[in-house]
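First up is the structure itself, then whatever we jot down about it.
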Amino acid sequence: MNAARRILLLLFTPLLALGFTDVAPAPTEEFSPLDRADPAWQQLATRLGGLPDGRAGFSETRTFRFRSKPVALAGVARVSRQHGLSLEYTRPDPRIVIVDRTGVLFREKGTDRPAPADPRARLMNDAMLHVLRFDLATLAEDFDLRGQQGAGGWRMTLRPRAPAFQRVIAQIDAEGDDAGVRRLLLRRADQQAIDIRIEAPELLPDGFPAAEVGRFFRAAP
Amino acid sequence: MIARLALLIFALAAGGWLLQLDRARHISTDVLDLVPGHAASPELALVRQLAAQAEARTMWLHLRRAGGEPVPPAAVAAFAASLRSSPAFAAAQPLAETGTMEAAGQALFAHRLELLLPGWMARPGQGANAAAVSPAAVAEQAAADLERFLSTPEAVAWQELIDRDPLLLTPRAAQTMAAANPVESGAPGLIWARIAASPLTPEGQEPVFSAIAAAEAGLRDQVSDAVISYTGVNRFAAASRARIQREVTWINVLSIVAVLAVALTFVRQPLRGLHLVPVIALSVLGAWTATTLVFERVHVIVFVVGSLLTGVAIDYGFYLFMQPPVRPGEPYWAKARRLMKPLLASCFTTVAGFALLLFSELPMIRHLGIFVGAGLLTALAAALLYFSTVADPFLPARAWSPPNLAAGSRRGAAWILLAGWLVLAAGLARIDWRDDIRDLEIPAPEIRAEDAAIRQLAGLGSGRVPHLAFGRTLAEARVRLAAFERGAAGPVASLAPVVPTEEDYAAAVRFAREHPEFPERLREALARQDFDPGGFARFFADWDRFATKPQPYDTAVSALLDQLQGPAAMLVHRGQPHSWFVAAVPRDAAPAPLPEGVVSVNQLESLNRVFAAYRASALKLSLAGLGLVGLGVFAMYGLRDGLRVFAIPCAACAGVFGLLGWVGAPLNLFHLFGAFLGVCLTHNYSIFTATSALRGEGPPISVRLSALTTAASFAALTASGIPVVRALGVTVLGMVLLALVMIELEHLSPLGRKR
């Protein structure tokens, strides 16, 4: 019977595709295909991929086509090689979103609940995690990668290969420097986007303290 | 000649009847057939209906690689497609697959105002009747809720629908359902399936297993190290059927062999002992025939237990065949008339005792009453007729007698036995009854372990108790579901968030009609929250349609339910005479008592309650039967001698139960039944011995042989894999041996000394 209820929850996930239409991303600068064998990208991937765990403040702006004023959120992002990504939202309301190998978990007022089991939403969340880790190899499995590097840093675009995922994310734009990712722009359609700007991280060579792990990441099974 | 003809006609008729019997229809291995389904328990009838239908036809399969890694989703999908292509399967879908729910999702969204708005209106603070809250206040609240929602993580997933659902009807319903089921998605590689035929029939077993094997072969072509495990009622049923078939055969063979071995040990002319075989065979034939004639469907356990009949049926043959003639050349029928009184007294009191079982509410006990009663009557008739056809109807025993103990030694042994019995009887105070329907099942540890592992993966063992809210119509069932939800002390998982009550639906329609200003109030409220009201044009068009011409309740509900597939479809049943919704709550969170029209479908608890209640009933019948036996004894022997005769079966029963109490063995209905049977058997021995004692003779050799063959027969049952059959064997074996010891110690000899 429990599995029947779980299946019934999946009743709602197809709804998430109902509103989607074939979208084209807003015109952006077109980069060259990202060659992962290029020493410059390899060097950057090694450097950013080897960064220790860290935390950084972030601001998130959500733009909706039916709303004249974007929704502004802010918080602290925590990235851990072992525990995944934790987004601690402090404004407007406190909540935590955890993205890890198991999936996506929402934590609010001390209660955990899983995100809807939609593989398309999972792709978007996983993409954020892999971009923050600069895991180009994993990203290349599901996305067409393009980018460029310059004196000011690097920029990259990710476009989903599978049509089903293109209806969730038209394109992800990422920017950063040698210290990490500074901006993620998730484009869904014209007038609909999520813009995340990340401050300079505080790196933790020894990892997160146990109390912080318990509070901001998924409990160990 | 007449006797031989009568026996032949009976054998041919009974044999012919049994050969033409449709065994699949008349013989059941379903434990639910042991539970009565009469009108006094409509909820159990519903449980049986559900169990016999959708739930019982469900199978779960899990695919993984040898190292535990998941199988690629495409391979899982192909496996499920292979199952669907087989006529043995009605449906099969990977649990993680959302595609099959798309039609249902679309139907839900298309009818969200009919299906979800009522629940939204009925939320605390909103008021089920809109008159309690002004449309302007409703609109302000909706706009504020929407503004807050956009900063939640879910907003990112739902944002494409918000312009058509600013009231957040679908996200709220999804959250409500998720809150009632806070378990993460099941493991990858899980497949839910429904078989086409009943799992308890051959069509629901072998063809299904063959289809799975074929799909497995296809999967191995893609994933060479794939491991498939699966579970379903049919798997247990097939294992039970195979085991029961083996057990019926070898227990009956073992029983017959043991009985004949004992008999032939004490019989001088072993080959002549084979004359007892037709008596046994005819009694078993009579028992099977009578039972299948009287009852439409009999549980196979009745036939397993019937193996005990070989020990009981042989008693009359022993007595007739082994009693020496009073003078050489005594005619057989003169001998039979001489022995008729104890034979009839023994047989009829035993059959009368078993006849009381016909008043039991438990089908299996009624069947057993007919089975054993008919078998005993057939055994007596067969013995009387058969030995009239034998040229020399006397079987001399081997010249053996027990050691001739001195009177003092015999008294000492009797006192020791009495002291031992008093110690044993003290164990009666330690008796522990345990009524668990699982004691009727064949143990299948490997299949159970696989079943437990798959259920764990599928989240089927999360401690929630399913209930049925039923009614004559779906609307009535929905009202009862609402009552159940109101009284529950925990979250209720059901279709309630997506199927409103008819009353709530009417309230929502009334609100839309009576407040045409609501859309404008909502536009204004949205604008105040920095929304572009023009961005919600599609929603307002849908609202206008709902306000002027809403879909009728039944149409909207059917539009959704018609699209439900897979396990979700099992949460509701539309049909005659009942429709129902399934609702699950955490253990101990269900309202007590349950509201009208709601039953628990925790089969195990329900069946165990029935099992316990019928043990109480069987105890009353047993005591009544014992009383009947006692009255017969007192009538025959008077009070003083009757007490001595009656003491044998009573002491045997108390001694065995006391021993079981001391060893801490939990007792159940079948121990009780074994005691009933043991009393009847030991009563036989007591009567036959008393008859000899009255003539100043020692215990008849036939009683010794009867007791030993009965003990051998029941000893075979103690080797059964079925716990309750073992219980029966242990109880009767113990009672018979205890009674034999009492008889050998000349407990009844005082009857002859007075005379």
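Protein chains get the first letters and strands the later ones, always in sequence-line order, with residue 1 at the start of each.
Qualifying side-chain hydrogen bond (donor to acceptor under 3.5 Å, both in side chains) partners for Asp530(B), counting only residues two or more places apart in sequence or in other chains: none. Considering only residues two or more places apart in sequence or on other chains, Glu88(A) meets the side-chain hydrogen bond (donor to acceptor under 3.5 Å, both in side chains) condition with Arg78(A). For the side-chain hydrogen bond (donor to acceptor under 3.5 Å, both in side chains) test, residues two or more places apart in sequence or in another chain that qualify with Asp135(A) are Thr138(A).
Glu108(A) has a carboxylate O that lies under 4.0 Å from a charged side-chain N of Arg113(A), or vice versa, which qualifies the two as a salt bridge. The existence of a salt bridge linking Arg55(A) and Glu202(A) is confirmed by a sub-4.0 Å separation between a basic side-chain nitrogen and an acidic carboxylate oxygen.
The interface of residues 91-99 of chain A with chain B, defined by heavy-atom distances below 4.5 Å, comprises Pro92(A), Asp93(A), Arg95(A), Val97(A).
Interface summary for chain A: among Asp163(B), Leu150(B), Asp532(B), the most heavy-atom pairs under 4.5 angstrom belong to Leu150(B). Between chain A and the residues Ala107(B), Pro533(B), Pro153(B), the most heavy-atom pairs under 4.5 angstrom are made by Pro153(B).
The closest donor-acceptor contact from the side chain of Arg194(B) to the backbone of Met59(B) lies at 3.5 Å or more, if one exists at all.
Cation-pi geometry between Arg67(A) and Phe64(A) is not met at under 6.0 angstrom from the ring centre and within 45 degrees of the axis.
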